[in-house]
Amino acid sequence: MTHQLRPVDLDFAESAPLRLVFTAEVAAPPDAVYTVLADDVEGWSGWFTGVARSAPTDGGRGRDIRLTGGTRFAETVLAAEPDARYAYRVDRTNAPGLRALLEDWRLTPAGRGTRVRWLFAADGPAPLRFALLLARPGLGRAFRTSARALDRRSAGD
């Protein structure tokens, strides 16, 4: 059963009750990283830990995401700035407790490579926010593993 989340805009990245931020540097340049993030939505299952299936919807303005544990997300892309930013909000999910969720990927040149920043902004009842805080170390490990795989995929490996 899915439920509708509160529609949020990009400013939710700054005002969300819970904000988790993860960063990594990869060797691939921003244009190559952006291509994998934004242009190859179907390829997310090949590099992002936990994604079982991903597909663009609404002519690329949305995404349908399935995680390996069965969680589903119907998303709207809010920002697609080549070589710099890719952000989306979750509109519907079967994950209990969530009221709003936004993910914001920022790419910044770092020498010949890219600094990747992933912001996970969420709202929900206090027990859910606490559970997400407890999950932070696991999300961090998943992000670091995914960033390495993103780098390999961006390099064409």
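- Leu101 and Val41 fall within a single hydrophobic cluster, where Ile, Leu, Val, Met, Phe, Trp and Tyr are joined by side-chain heavy atoms under 4.5 Å apart, directly or via other members.
- Using bins of under 30°, 30° to 60° and over 60° for the plane-to-plane angle, the ring pair Trp47/Trp44 lands in the tilted bin.
- Contact detail for Ala110 and Arg115: the closest heavy-atom pair is CB-N, 3.8 Å.
- Using a distance-only test at 3.5 Å, with no hydrogens or angles considered, no donor-acceptor pair links the side chain of Ser154 to the main chain of Ala28.
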Practice problem: Could you check Tyr86 against Trp105 for ring-ring contact (aromatic ring centres under 6.0 Å, His included), going step by step and ending with a plain yes or no? | Solution: CA-CA 5 Å; Tyr86 187 60; Trp105 294 79; 8.3 Å; no

Quiz item: Going through the checks in order, is the side-chain contact (heavy atoms from CB on, under 4.5 Å) test met by Glu81 and Tyr34?
Solution: CA-CA 9 Å; Glu81 301 168 17; Tyr34 182 84; 5.6 Å; no

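- Interatomic distance, CG of Leu98 versus CG of Asp123, reported as 9.0 Å (0.5 Å rounding).
- A cation-pi arrangement is found for Arg63 relative to Tyr88, the charged atom lying closer than 6.0 Å to the ring centre and inside a 45° cone about the ring normal.
- When Asp58, Thr57, Asp91 are each tested for a side chain to side chain donor-acceptor pair (under 3.5 Å) with Thr76, only one passes: Asp91.
- For the atom pair Arg85 CZ and Leu37 CG, the distance stands at 13.0 Å (nearest 0.5 Å).
- The nearest pair of heavy atoms linking Pro82 to Ala80 is CD-O, 3.4 Å.
- Considering every non-hydrogen atom in both Ala13 and Ala121, the closest pair reads CA-CB, 4.2 Å.
- Remark: Thr108 OG1 to Asp83 CG distance equals 11.5 Å, nearest 0.5 Å.
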Practice problem: Please report the C-alpha distance between Thr145 and Thr49 in whole Å, then the side-chain angles of each, then the deciding distance to 0.1 Å, and finally whether the side chain to side chain donor-acceptor pair (under 3.5 Å) criterion is met. | Solution: CA-CA 7 Å; Thr145 299; Thr49 301; 5.0 Å; no

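- Listed here is the closest heavy atom pair of Ala100 and Val8: CB-CG1, 3.7 Å.
- Across all non-hydrogen atoms, the minimal contact from His3 to Ala95 is CE1-O, 2.7 Å.
- With hydrophobic clusters built from ILVMFWY side chains whose heavy atoms lie under 4.5 angstrom apart, Leu150 shares a cluster with Phe48.
- Electrostatic pairing of Arg53 and Asp64 counts as a salt bridge here, judged by a charged N lying under 4.0 Å from a carboxylate O.
- Hydrophobic clustering (ILVMFWY, side-chain heavy atoms < 4.5 Å, transitive): Trp118 and Val90 are in one cluster.
- Remark: Ser54 OG to Asp40 CG distance equals 8.0 Å, nearest 0.5 Å.
- Within 6.0 Å of atom CZ in Arg117, more than 12 heavy atoms from other residues, nucleotides or ligands are found, so the atom counts as buried in its surroundings.
- The distance from atom CD1 of Ile65 to atom OG1 of Thr93, rounded to the nearest 0.5 Å, is 11.0 Å.
- Summarising the geometry, atom OG1 belonging to Thr35 is positioned 12.0 Å from atom CZ belonging to Arg153; distances are rounded to the nearest 0.5 Å.
- Val77 and Phe12 are members of different hydrophobic clusters when ILVMFWY side chains are connected at heavy-atom separations under 4.5 Å.
- Across all non-hydrogen atoms, the minimal contact from Pro125 to Gly97 is CD-O, 3.0 Å.
- Both the sub-6.0 Å distance and the 45° axial angle are not jointly satisfied by Arg89 relative to the ring of Phe73.
- Leu132 and Leu102 end up in different hydrophobic clusters when Ile, Leu, Val, Met, Phe, Trp and Tyr side chains are linked at under 4.5 Å.
- A donor atom on one side chain and an acceptor atom on the other are not found under 3.5 Å apart for Thr2 and Asn94.
- Electrostatic pairing of Glu14 and Arg19 counts as a salt bridge here, judged by a charged N lying under 4.0 Å from a carboxylate O.
- For the pair Leu67 and Val51, the minimum side-chain heavy-atom distance is below 4.5 Å.
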